[in-house]
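Lettering follows sequence order; numbering is per chain, from 1.
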Amino acid sequence: MIALVDCNSFYASCEQVFRPDLQGKPVVVLSNNDGCIIAANKEAKALTDIPMFEPVFKIKKLLEDNDVAFFSSNYTLYGEMSQRVMNILMDFSPAVEVYSIDESFLNLSGIKSINYRKYGLSIRNRILKNTGLPVGVGIAPTKVLAKVANKIAKKKSGLRNVFVIDTEEIREKALKNTNIKDVWGIGRAHVKSLKKIDVNTAYDFTQLPSSWVLKNMKIVGLRIWHELRGKSCLEINELPRSKKAIGTAKSFGERIENFDLISEACAYYIGEVSEVLRQQKSCASFVHVFLNTNYHSKTDKQYSNGITVTLPVPTNDTLVLTSFAHQALKEIYKPGYRYKKVGVNLSGLVPKKYIQGNLFAPVLPPNKDGLWEVIDHLNFKYGKSTIQSAHAGFPESRKKWELVKAHRSPRFTTQWNEILKIST
DNA sequence: TCTGGGGTCCTAGGACCC
DNA sequence: TCTGGGGTCCTAGGACCC
């Protein structure tokens, strides 16, 4: 049996933990640049139709009228709260797959003579007690069924957020009550074609011939079909595999035409991604840089372009990567446009130990591993950008392109000067 | 005026090899 | 008129996830 533990409206719940005054009140969390809504607690969802990913400016009045509390996203806080939850889960199973910031699969198969419902309840209670975060627990023989069970656990009242699928009757009933669009792995495109042939529930889907599924939804769809019928096809992956690509791209706080500012943002992002690259002890073979204007705008001239550079020798040196990215940006930048976003992506990631030299490249650059180790350590200890490439700009100029986060809560758990204060 | 960010997996088709 | 058979590697694009 597999358990899926998933935090309820995770970002909104994290904000509420430190703001008891908001218990029972509608809360939403906004995306970068406070652009749109990315999380809403159940009060906010119930309130009206606050559609997820709706641009904030379109529903500002709705939020104000209903006294909805809203926060800019505070990933430092969410990441650390997530750690706490995952650490607790390790106590409940020797095999945990951390699937995303707010959910994990637990392999329960090694645990003998266990009452699944009781076990699920104790997971839920312990997390609530130790972190203040509410979770839902779904337990079933396969991952996709555990997802189904989790959804039911959260939706149906009286279950105390725990639901177990452990008999044929329960499975069938659960599938009949699950809309096909709510099945994990079946997205918009497939829902559309399934509706056309009158497949509306997860149960309907399991009644299709496997040949149809394979032909129209390929192997990915067939796996889901098997999983829903109770045959496990998706394993629990305990070890996070190293990333195959690392990228970042953020919209500017305001539109920018100036090349130097864009290049500064680009260098700053290279600093971020190369640090992640060093953490996983890899080097990148390619660096991709792209640039675009605001495609929502009906009045601005539109332009977007991207370019991939092959590095002579894979590297994770921020300064080397910055220099190649800068050259690449020069090639695609065209003056006279109001740019909205620049992004970088490192790919062709190879383990640092196995770097292939290049017969035709200039002599290998000197090894600076020690230097970067020290820099990364200082930035960890004293805060981001304590030491960085000068190309990545100074706080003054950074303000011109940095994200807008007008409503961010304090980083309660990671900054001494932002720690929660309690007055009597 | 204002519209997020970071990923993975799979497939078809082209180019190429012997 | 009629032109083999068995592969690999790479890339772009689709679909999906949180």
Side-chain angles (χ1 to χ4, degrees), chain A residues 4-12 28-39 51-61 63 70-75 78-79 82 97-105 143-144 147 150-151 180-194 214-224 233-235 237 240-255 269 272-273 276-277 280 285-286 288 290 292-300 306 308 310 338 340-349 402-406:
Chain A
L4 175 68
V5 181
D6 178 323
C7 301
N8 303 353
S9 331
F10 182 58
Y11 296 171
V28 298
V29 175
L30 312 180
S31 66
N32 278 345
N33 276 325
D34 295 343
C36 46
I37 295 187
I38 54 167
M52 222 59 102
F53 304 105
E54 190 68 5
V56 171
F57 72 89
K58 281 191 182 169
I59 53 165
K60 189 123 198 182
K61 185 151 181 352
L63 296 179
F70 52 98
F71 293 90
S72 305
S73 31
N74 184 348
Y75 291 107
Y78 310 149
S82 168
E97 173 184 345
V98 178
Y99 178 70
S100 75
I101 192 163
D102 74 332
E103 62 188 291
S104 274
F105 288 100
K143 277 183 156 181
V144 177
K147 274 273 190 184
N150 184 281
K151 202 137 221 160
I180 187 68
K181 76 174 183 358
D182 293 329
V183 174
W184 186 44
I186 296 190
R188 243 188 343 198
H190 287 318
V191 167
K192 210 170 147 194
S193 54
L194 286 167
L214 181 62
K215 182 162 172 251
N216 295 282
M217 300 170 68
K218 310 302 168 190
I219 189 68
V220 183
L222 189 60
R223 281 189 199 128
I224 296 168
C233 302
L234 304 171
E235 291 175 0
N237 304 307
R241 272 164 300 166
S242 52
K243 291 200 174 75
K244 293 175 178 169
I246 301 170
T248 191
K250 284 164 224 149
S251 302
F252 304 130
E254 49 192 85
R255 304 296 161 260
Y269 298 158
E272 291 183 324
V273 291
V276 177
L277 188 62
Q280 75 164 39
S285 315
F286 313 105
H288 179 77
F290 66 92
N292 57 253
T293 49
N294 179 8
Y295 53 84
H296 290 294
S297 172
K298 295 199 172 68
T299 48
D300 281 7
T308 303
T310 304
R338 298 174 72 229
K340 184 191 183 211
K341 183 192 279 186
V342 67
V344 299
N345 202 307
L346 305 179
S347 58
L349 307 190
E402 243 178 359
L403 301 168
V404 176
K405 284 190 182 246

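- Between Ser297(A) and Asn345(A), it is Ser297(A) whose nearest contact on DNA chain B lies nearer the 5' terminus.
- Nearest-nucleotide positions on DNA chain B place Arg338(A) closer to the 5' end than the other of Glu272(A) and Arg338(A).
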Mind listing the N/O atom pairs, protein and nucleotides 7-11 of chain C, below 3.5 Å?
none

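- Distance, Asn33(A) CG to dT1(B) P: 18 Å, rounded to whole Å.
- To the nearest whole angstrom, the two P atoms, one in dC18(C) and one in dT3(B), are 26 Å apart.
- Ser31(A) places a side-chain N or O within 3.5 Å of a backbone atom of Cys36(A) that can act as its donor or acceptor partner.
- A donor-acceptor distance shorter than 3.5 angstrom exists from the side chain of Asn33(A) to the backbone of Ser251(A), with no hydrogens or angles considered.
- Among the heavy atoms of the strands lying under 4.0 Å from Lys341(A) are primed sugar atoms or P, OP1, OP2 only; no base atom is included.
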Exercise for review: Could you give me the CA-CA distance, side-chain angles and deciding distance for Ile37(A) and Leu30(A), then say whether side-chain contact (heavy atoms from CB on, under 4.5 Å) is met?
Suggested key: CA-CA 5 Å; Ile37(A) 295 187; Leu30(A) 312 180; 4.0 Å; yes
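- The neighbour count for Lys151(A) NZ, taken as heavy atoms of other residues, nucleotides or ligands under 6.0 Å away, does not exceed 12.
- Using the six-membered ring where Trp is involved, Tyr99(A) and Trp184(A) have ring planes that are perpendicular, over 60° apart on the 30 and 60° scheme.
- Taking only side-chain nitrogens and oxygens, Arg255(A) comes nearer than 4.0 Å to OP1 or OP2 of dT3(B).
- Not one N or O on the side chain of Lys244(A) forms a donor-acceptor pair closer than 3.5 Å with the backbone of Ser347(A).
- Nearest approach of Leu214(A) to Ile219(A), heavy atoms of both residues: CD1-N, 4.0 Å.
- Side-chain proximity of Lys250(A) to the nucleotides dG4(B), dG6(B), dT3(B) is greatest for dG6(B).
- A donor-acceptor pair is defined here as one N or O able to donate and one able to accept, closer than 3.5 Å; such a pair exists between the side chain of Lys405(A) and the backbone of Ser73(A).
- Whole-Å rounding puts the Leu30(A) CG to dC2(B) C1' distance at 12 Å.
- Distance CE (Met217(A)) to P (dA12(B)): 15 Å, rounded to an integer number of Å.
- Proximity of Thr248(A) to the phosphate of dG6(B): a side-chain N or O atom is located under 4.0 Å from OP1 or OP2.
- Between Asn216(A) atom CG and dA12(B) atom C1' there is a gap of 16 Å when expressed in whole angstrom units.
- Proximity of Ile186(A) to Met217(A): side-chain heavy atoms (C-beta onward) are separated by under 4.5 Å at one or more points.
- Looking at heavy atoms from C-beta onward, Phe290(A) lies out of side-chain contact with Val342(A) at the 4.5 angstrom threshold.
- Straight-line distance from the OH atom of Tyr11(A) to the P atom of dG5(B): 13 Å, rounded to whole Å.
- As rounded to whole Å, 10 Å separates atom P of dT1(B) from atom CG of Asp300(A).
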Review point. Can you check side-chain contact (heavy atoms from CB on, under 4.5 Å) on Asn294(A) and Lys341(A), steps first, answer last?
Key: CA-CA 8 Å; Asn294(A) 179 8; Lys341(A) 183 192 279 186; over 6 Å; no
Study note, to complete from the structure: Reading nucleotides 13-18 of chain C from 5' to 3' and marking B where a protein heavy atom lies under 4.0 Å of the base, S where only the sugar-phosphate is that close, and - otherwise, the string is --SSSS
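- Using a 4.0 Å heavy-atom criterion, one finds that Lys60(A) contacts no nucleic acid atom at all.
- Lys340(A) comes within 4.0 angstrom of sugar-phosphate atoms only, judged by non-hydrogen atoms across all strands, and of no base.
- The distance between atom CG of Leu403(A) and atom C1' of dT3(B), rounded to the nearest whole Å, is 14 Å.
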**Study point:** For DNA chain C, the dot-bracket pattern of Watson-Crick and G-U pairs whose distances stay under 3.5 Å, | for other-strand partners
**Key:** ....||||||||||||||
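- In terms of phosphate contacts, Ser251(A) brings a side-chain nitrogen or oxygen within less than 4.0 Å of OP1 or OP2 of dG5(B).
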Practice item. Using the side-chain contact (heavy atoms from CB on, under 4.5 Å) rule, take Glu103(A) and Asn150(A) through it: C-alpha gap first, then chi angles, then the decisive distance, then the call. Key: CA-CA 11 Å; Glu103(A) 62 188 291; Asn150(A) 184 281; over 6 Å; no
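- The separation between Asp34(A) atom CG and dT3(B) atom P is 11 Å, rounded to whole Å.
- A distance-only check finds no donor-acceptor pair linking the side chain of Thr248(A) to the backbone of Tyr269(A) [under 3.5 Å].
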